[in-house]
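Heads up, the thing below is written out as structure tokens.
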There are 2 protein chains.
Amino acid sequence: MGSSAKEEARIADALCKAVLERKLAPGSKLPEEELAQIFRSNRAKIRRVLLLLSRSHIVTLEPGRGAFVSRPSPQEARDVLASRRLIEVSLLARPYRKLSAQGAGRLRQIMAQEAQAHAAHDAIAMIYLSGQFHLTLIEELGNKVLKSITGELILRMSLIITMYERQNTTCCLSSDHHDLLELLLAHDYAEASALMAHHLEGIESCLDFHREPATTTILSQILQPLKD
Amino acid sequence: MGSSAKEEARIADALCKAVLERKLAPGSKLPEEELAQIFRSNRAKIRRVLLLLSRSHIVTLEPGRGAFVSRPSPQEARDVLASRRLIEVSLLARPYRKLSAQGAGRLRQIMAQEAQAHAAHDAIAMIYLSGQFHLTLIEELGNKVLKSITGELILRMSLIITMYERQNTTCCLSSDHHDLLELLLAHDYAEASALMAHHLEGIESCLDFHREPATTTILSQILQPLKD
DNA sequence: AGGCTTGATATTGTAAACAATAATGGTTGA
DNA sequence: TCAACCATTATTGTTTACAATATCAAGCCT
């Protein structure tokens with residue numbers, strides 16, 4: 001049973017989810033043995049996962065010192081944000097295909113979940129669902145390659161926001177998502193693109209690259225719930 | 001001396017170069033032991049390199065069977081081409097910064113080398129230099145994140161072209177590169193963007209996704225010159 | 001007292017042996 | 001003659017033990 005790749009994907013997903021949900025702070029050390037215990041795995045598998053995540057810029061490997069959650073520099077942060085903006089805004093301006101009824105349905109479903117999470121004040125779910133909305137949009141109007149690229153950028157953005165966000169931040173307004181869908185259904189791509197630009201700029205305006213962020217190194221206790 | 005990562009980068013670069021230069025045909029088997037001998041390395045390092053390349057979609061790992069040079073499907077090929085077009089065309093339409101004198105110099109230098117390779121009928125050098133031109137352009141007008149994303153797309157395109165190109169193909173006209181630079185220096189980004197779109201469409205029009213391509217499995221003999 | 005050296009400890013990195021799996025080739029039987 | 005089956009071989013996958021390196025703490029010298 002070649003479930004090894006599956007298990008590694010499971011571990012990688014769990015780590016990515018922890019990053020997405022801002023539980024794993026940038027700079028946190030990721031000791032191999034500890035991760036192996038948490039995930040009921042072994043060092044070899046953990047090692048492969050960390051290698052892979054390092055390629056996605058989620059983890060930084062320092063030779064001889066180990067693996068750490070990446071701490072994107074201000075410059076890298078700006079580049080990631082600008083790249084994501086380029087892709088999403090341009091795609092909306094000139095989508096490869098029109099939004100299908102099925103696609104609209106998927107987006108509505110995510111929006112419903114967003115509303116639910118909002119009502120429950122579940123900030124973590126909202127972050128995740130917001131990402132899902134954007135990724136689904138990209139897959140519907142674009143393709144899977146763009147989706148995968150943007151998925152990586154969103155993950156990196158999560159690190160960036162954790163590091164550089166101002167105090168009173170209200171992330172990704174779900175009302176924007178609603179308006180976006182309306183515009184797309186009306187085939188008003190120019191307006192949709194403009195709204196997306198505004199939407200993403202809204203996120204960026206909550207960041208402050210000047211203050212060097214604290215290196216909040218999180219203990220393994222926060223990773224414990226990941227094991228299942 | 002932590003030269004291990006360096007050595008792995010060397011091996012990965014050599015393999016990527018072989019893919020770029022169309023020496024490694026899609027579908028080729030990449031046996032670990034053989035690669036270890038060719039690169040005077042060991043299986044562990046080769047294994048890590050293959051794992052990394054699999055993440056870049058250059059190599060496909062089949063559990064229990066080994067590593068193969070990827071054979072992108074027609075759909076994946078279309079997605080990769082469209083994604084690259086989106087990024088490059090959109091960036092030229094709205095560059096993050098103007099082309100600096102230094103940037104123009106770099107581009108001119110690459111163009112000079114292109115002309116040289118053209119005169120020498122060195123098709124391999126032309127492929128490489130064309131890629132460098134595009135990547136340099138992206139770094140100058142955009143940023144490093146976009147450059148790295150596009151670099152990966154260009155590599156995948158190399159596989160795509162090898163698999164699906166028609167017979168009489170004249171790739172990437174270097175005259176286009178010349179005109180592109182002129183337009184950028186004149187700050188005519190709209191025209192530059194249009195030319196880039198035309199340029200990339202030109203490459204795509206040389207592809208034929210209908211015929212299933214031959215699985216030209218290349219022997220290690222072709223990889224031998226890589227060892228230094 | 002402070003910084004530096006030095007030894008102990010923990011963690012990472014590597015190599016090698018072993019196990020599991022798939023490809024190969026030859027044999028047998030219809 | 002061809003196809004199916006089995007044994008052999010080769011290749012991949014995993015585990016283990018070991019070596020190298022960094023971290024930490026205590027002691028020492030200035």
Side-chain angles (χ1 to χ4, degrees), chain A residues 1-12 15 24-56 58-71 215-224, chain B residues 1-12 15 24-56 58-71 215-224:
Chain A
M1 58 202 80
S3 66
S4 127
K6 281 283 169 61
E7 189 184 342
E8 287 172 26
R10 177 183 67 86
I11 297 172
L15 286 172
L24 263 179
S28 306
K29 178 113 205 286
L30 298 171
E32 300 176 356
E33 190 60 48
E34 199 172 337
L35 290 176
Q37 286 179 1
I38 290 172
F39 292 109
R40 315 271 173 85
S41 186
N42 53 46
R43 266 185 67 208
K45 287 199 181 74
I46 296 295
R47 196 157 244 274
R48 276 195 292 273
V49 169
L50 292 175
L51 186 65
L52 249 14
L53 291 180
S54 78
R55 185 125 185 118
S56 305
I58 302 307
V59 157
T60 299
L61 299 180
E62 295 187 23
R65 298 202 50 232
F68 301 81
V69 179
S70 292
R71 305 180 74 245
T215 312
T216 319
T217 307
I218 304 280
L219 306 186
S220 68
Q221 192 151 3
I222 283 155
L223 267 174
Q224 294 287 358
Chain B
M1 59 203 76
S3 68
S4 126
K6 280 283 172 61
E7 188 183 342
E8 287 170 26
R10 178 182 66 88
I11 297 172
L15 286 172
L24 263 178
S28 306
K29 177 108 203 286
L30 298 172
E32 301 176 356
E33 191 60 49
E34 198 172 338
L35 289 175
Q37 286 178 358
I38 290 173
F39 291 109
R40 315 274 173 82
S41 187
N42 52 48
R43 266 185 67 208
K45 288 200 181 75
I46 296 294
R47 196 157 244 275
R48 275 194 294 272
V49 169
L50 292 175
L51 185 66
L52 249 12
L53 291 180
S54 79
R55 184 124 186 122
S56 306
I58 301 307
V59 156
T60 299
L61 299 180
E62 295 186 24
R65 297 204 49 234
F68 301 81
V69 179
S70 293
R71 304 179 74 247
T215 312
T216 318
T217 307
I218 304 278
L219 306 185
S220 68
Q221 191 151 4
I222 283 154
L223 266 174
Q224 294 288 359

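Each chain gets a letter, A, B and so on, in the order its sequence line appears, and its residues count up from 1. Just so we're clear, the structure is a prediction, and the values are computed from it rather than from any experiment. Computed over heavy atoms, backbone and side chain alike; hydrogens, waters and symmetry mates excluded.
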- Item | Passing option when A:I46 is tested against A:L15, A:L35, A:L30 for side chain to side chain contact (heavy atoms under 4.5 Å, CB included) | A:L35

- Item | Distance, nearest 0.5 Å, that separates CD1 of B:I11 from CD of B:E8 | 7.0 Å

- C:dA10 C1' sits how many Å from A:L35 CG, rounded? 16 Å

- Stem regions touching DNA chain C, defined by at least 3 consecutive Watson-Crick or wobble G-U pairs below 3.5 angstrom: C:1-30 with D:1-30

- Message: Just to verify, what does B:T60 make a side chain to side chain donor-acceptor pair (under 3.5 Å) with, not counting sequence neighbours?
- Response: B:S70

- Between A:R10 and A:F39, is any pair of side-chain heavy atoms under 4.5 Å apart? yes

- Query: Roughly, in whole Å, what's the span from CD in A:E7 to P in D:dG13?
  - Reply: 15 Å

- Message: Looking at every non-hydrogen atom in both residues, tell me the closest pair between B:N42 and B:A36 and how far apart they are.
- Response: C-CB, 3.8 Å

- In Å, rounded to the nearest 0.5 Å, how long is the span from CD1 of A:I38 to CD of A:E33? 11.0 Å

- Task: Provide the closest heavy-atom pair for B:R71 versus B:P26 in the form atom of the first, atom of the second, distance.
- Result: CG-C, 3.7 Å

- Message: Tell me every residue that passes salt bridge (Lys or Arg N to Asp or Glu O under 4.0 Å) with A:R65, counting only those two or more places apart in sequence or in another chain.
- Response: A:E62

Between the protein and nucleotides 12-14 of chain C, list every N/O to N/O distance that falls short of 3.5 Å.
unit_1	atom_1	unit_2	atom_2	d
C:dT12	OP1	A:K29	NZ	3.4
C:dT12	OP1	A:E32	N	3.4
C:dT12	OP2	A:E32	N	3.3
C:dG13	OP1	A:G64	N	3.1
C:dG13	OP2	A:R47	NH2	2.5
C:dG13	O5'	A:R47	NH2	3.4
C:dG13	N7	A:R43	NH2	2.8
C:dG13	O6	A:R43	NH1	3.3

- Apply salt bridge (Lys or Arg N to Asp or Glu O under 4.0 Å) to A:R43 and list each qualifying residue two or more places apart in sequence or on a separate chain. A:E32

- Item | CG-OG distance between A:L51 and A:S54, expressed to the nearest 0.5 angstrom | 5.0 Å

- Query: Between atom CD in B:E34 and atom C1' in D:dT12, what is the gap in whole Å?
  - Reply: 14 Å

Polar pairs (N or O, both sides) under 3.5 Å between protein and nucleotides 5-9 of chain D?
none

